[in-house]
Amino acid sequence: MELKQFRFTKGVHPKDNKSLTSNSSIQVMPPCTDYYVALSQHIGAPAVCIVEVGDCVIAGQMVASAKGKISANIFSPVFGKIDGIVKRKNNSGIVGDYIHIKADADQSGQPFTFPPLVNPTREDIIKRVEDAGIVGLGGAGFSSAVKISPNKPVDTLIINAAECEPYLNCDNRLILEHTDQVAEGIKLLAQALGVNRVIIGIEDNKIDAYHKFTDYGFAVMLLKTRYPQGAEKVLIYSCTGRRVPNKGGLPMDVGVVVNNVATAYATWDAIANGNPLYKRVLTVSGKGIPNDENLWVLNGTLHHDIFTFCGGIQPDTVKIVSGGPMMGVALADDSGATVKAESGLLCLTAEELGDANTTNCLNCGKCAEVCPMHLMPMYIDLYTLADDTENAVKYGAMDCFECGCCAYICPAKRHLLQSIRLTKKRVREAKK
Amino acid sequence: MQKLKYSTSPHIRSPLSTRRIMIDVCIAMLPVCIMGCVLFGWNALWIIITASVSAVLAEVVYRLIARVPFKQIMQEFDFTSLVTGMLLGVNMPAFNYAQGWYVPILASMFSIIIAKMIFGGTGRNLVNPAIVGRIFAVLSFTRVMTQWVQPNLPAFSNEIIPAGATPLSQMLSQSSYTAVHSMGLSNLDLFLGTGIQGVIGETCKVALLLGGIYLVIRSVIDIRLPLVYIGMTGLVTVIINGFNFYYFLPSILSGGLFLGAIFMSTDYVTTPNTKVGNYLYFALLGILTALLRKATGMEVVSFVILFMNLLVPLIDKFIVNKPFGTQKKVNSNKEVAKQ
């Protein structure tokens, strides 16, 4: 099927460094002794712990149940014993509850699974996605069950395989090694939504993955490699030409639902095998780590264990990032634990970070040129620093989805995105 | 475990920096300076060097007086003052250096201190410092700044050119662009700068184009913007002279249009921040240049750029990008009228 592609001309093209991990097949991370499973690892209310300290749990057993509609169930990744409910800092530095599970030495038992579904109905799929605790695995962690039961008419499902963040290869490897499963997952998601039109958006630097998909008869859109091609609003425009309304518009307002390939795989796994979601593929990369790997990682694995498995953090590492280098979160240390929506762990050296000494704005207009939301970051920065929230909002601060293109391209290395975040925070606080 | 940097995203920054951009501009200026020296001899070289050195010194001394530590000045030195100095140098005719040595020094000091530093330094200036410096020199030292010199390379047509004026001013005073050809100069001469009098950097269009191509390759400037300026000037000249397309090439190849379009008007600080604003800015530059050349009978490129620099804040106020996905406002009056 021929598809019209809508050209995305904004954005930036950072050095993608994908070759570090694009050819390393997905390894299984060996079991560790301690797992810290966060109760809040999705958008919405934290899950409620349903196990007691001292309980023995089996892999796949539910340890926390969703609280309310926008939440998700959480499962034990291993056979073990609940050692305690502890307070820990999450990746962003916010303290939350974690279930500490001490893994048994013997992990050979039969993990818990839901009964596999054969020829499921639409309701069955949505129910199972909800039960299995599936959230959007692209990074946001929004409940997939809510996403695939939209309250507005939807005619298109877009599968996000763009993976525009530099370094990350987890989606790429998943497609290459589990094409059948991902394809089945996409069919299930489309069935749940009741749509016939499925478009897979993939960047042209993952040409192997593109060819894999073309064999399945899906409409596959080969997108120009350009960050942030995989951002929801950009992807929808590139694939369909529809513009999601600003000021809080959602993809379903233009009849589209976007899901990640990893989410499609998790959906297939939950329906065909009955496995709840407690593991995912994670890319460990960067010049500060000796062995760059793609790993099957259990939910709640300590970052320290992952880095040790990959050869340990090298002394020239200056920054550890969870997620991609453009939108990820810098970590204060290696003591954190993985969550469902974590797609990468990067150890970056000073050379990879680039110089960031701020100088005067040159008014070159490059930030406005690259902004995928067509904002004016230089004015937002100017007014934010002058404490003029009203004018900062006027130039679009609230429409920013924080891709970071403006701050990346800025020749004066101004902290444009930080200013935008500051204005957003001020507006949120003023509303309270 | 070692200490880690902790900051918000994005964690990687592009290799682009103010300093790199300005070094690129300096490199792009090299062919212009070299051709200027070839055409106009030692005087040209000394003028360019004097202007550049005094511009850099003016910035450093100003900051020293402002009690900025010397080490910090060196760390923050971003080559903008060198660019200003070089541009100022090539914007002067190759006058007798022994007589007029103070002109480049004073012009550089004026442009750096008055036009740039007192507004807050790099990025804060309202108008292009090099333009201000040139206009200051032209108005203050008119006799020195109009000492036109016959270039070392003769015109291919090999005829004697009347001394004391550039071909453009001849053409404009006779209000006919064809005058250039009656003077025995061909478009090729105008393009190569052979036999053409003028300021050091403006006569050789080949060198200017080389610099421009380098800037485009290094993506410092957008190729379309100088083209809009040059094209607009040519077109409007053709139109106001009664659709005489014979005027197109002489009008764009003479005077300081190429120098202005490629190096002076593309300065980041004094151009609008949006694509649309930039097209408007460069189109207006072209239209004004053609009209004012006709009206005043003078070369006006630098004055037009100065004037348009002052319009930039206005353009930026009214031409702003609309956020992606902005909904068209439903015109309630129309809705009512339909009913």
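Every chain is numbered from 1, with letters handed out A, B, ... down the list of sequences.
Annotation: side chain of A:Val329 is not in contact with side chain of B:Ser9 (no heavy-atom distance under 4.5 Å). Between B:Thr122 and A:Leu362 there is a side-chain heavy-atom pair separated by less than 4.5 Å. Annotation: side chain of A:Tyr395 is in contact with side chain of B:Val320 (closest heavy-atom distance under 4.5 Å). Contact check for B:Pro323 versus A:His374: no side-chain heavy atoms found under the 4.5 Å cut-off. Looking at B:Arg13 and A:Ile409, their side chains never come closer than 4.5 Å, going by heavy atoms from C-beta outward. Considering only heavy atoms from C-beta on, A:Lys366 comes within 4.5 Å of B:Tyr268 through its side chain. At least one side-chain heavy atom of A:Leu417 sits under 4.5 Å from a side-chain heavy atom of B:Pro10.
Between atom NZ of residue A:Lys247 and atom OG1 of residue B:Thr326 there is a gap of 6.5 Å, rounded to the nearest 0.5 Å. Between the CZ atom in B:Phe324 and the CZ atom in A:Arg243 there is a gap of 5.0 Å [rounded to 0.5 Å]. The distance from the OH atom of B:Tyr6 to the CG atom of A:Asp333 is 9.5 Å, given to the nearest 0.5 Å. Once rounded to the nearest 0.5 Å, the distance linking CG of A:Asn363 with OG1 of B:Thr270 reads 9.5 Å.
Applying the salt bridge (Lys or Arg N to Asp or Glu O under 4.0 Å) criterion to B:Arg124, with sequence neighbours excluded, gives no partner residue.
When heavy atoms are compared at a cutoff of 4.5 Å, A:Glu352 approaches chain B solely by way of its backbone atoms N, CA, C and O. The parts of B:Asp316 that come within reach of chain A are both its backbone and its side chain, each placing non-hydrogen atoms under 4.5 angstrom from that chain. For B:Thr266, no part lies near chain A; criterion is any non-hydrogen pair under 4.5 Å. Contacts between A:Leu346 and chain B at a heavy-atom distance below 4.5 Å are absent for every atom of the residue. For A:Ser92, the part sitting under 4.5 Å from any heavy atom of chain B is the backbone (N, CA, C, O) and nothing else. Only the side chain of B:Lys275 comes within contact range of chain A, with at least one heavy atom under 4.5 Å from a heavy atom of that chain. Of the two parts of A:Cys406, neither the backbone nor the side chain holds a non-hydrogen atom closer than 4.5 Å to a non-hydrogen atom of chain B. Proximity to chain B (any heavy atom under 4.5 Å) is restricted, for A:Gln314, to the backbone atoms N, CA, C and O.
By number of non-hydrogen pairs under 4.5 angstrom with chain B, the leading residue of A:Met378, A:Met326, A:Met327 is A:Met326. Heavy-atom pairs under 4.5 Å with chain B were tallied for A:Gly365, A:Gly249, A:Ala330, A:Pro166; the largest tally goes to A:Ala330. Note: A:Pro411 leads A:Gly354, A:Pro411, A:Ala368 in heavy-atom pairs under 4.5 Å with chain B.
Crowding of A:Lys89 atom NZ: a count of heavy atoms from other residues, nucleotides or ligands under 6.0 Å not exceeding 12. Within 6.0 Å of CD in B:Gln75 there are more than 12 heavy atoms belonging to other residues, nucleotides or ligands. Counting non-hydrogen atoms of other residues, nucleotides and ligands closer than 6.0 Å to CD1 of B:Ile27 gives a total above 12. Within a 6.0 Å sphere centred on CZ of A:Phe6, other residues, nucleotides and ligands contribute more than 12 heavy atoms. Shown here is A:Lys10, whose NZ atom has more than 12 heavy atoms of other residues, nucleotides or ligands within 6.0 Å. Sparse packing is recorded around CE of B:Met109, with 12 or fewer heavy atoms of other residues, nucleotides or ligands lying under 6.0 Å away.
Nearest heavy-atom pair across A:Pro14 and B:Ile12 is CB-CD1, 4.0 Å. For the residue pair A:Thr359 and B:Thr18, the shortest heavy atom distance occurs at OG1-OG1, 3.8 Å. Closest of all the heavy-atom pairs between A:Asn360 and B:Gly120 is ND2-O, 3.4 Å.
Side chains of B:Asn273 and A:Tyr379: a donor on one and an acceptor on the other come within 3.5 Å. Between the side chains of A:Lys319 and B:Ser7, a donor-acceptor pair is found at a separation under 3.5 Å.
A distance-only check finds a donor-acceptor pair linking the side chain of A:Lys413 to the backbone of B:Leu16 [under 3.5 Å]. Side-chain N or O atoms of B:His11 include none that pairs as donor or acceptor with a backbone N or O of A:Val321 at under 3.5 Å. Of the possible donor and acceptor atoms, none in the side chain of B:Thr8 sits under 3.5 Å from a partner among the backbone N and O of A:Gln418.
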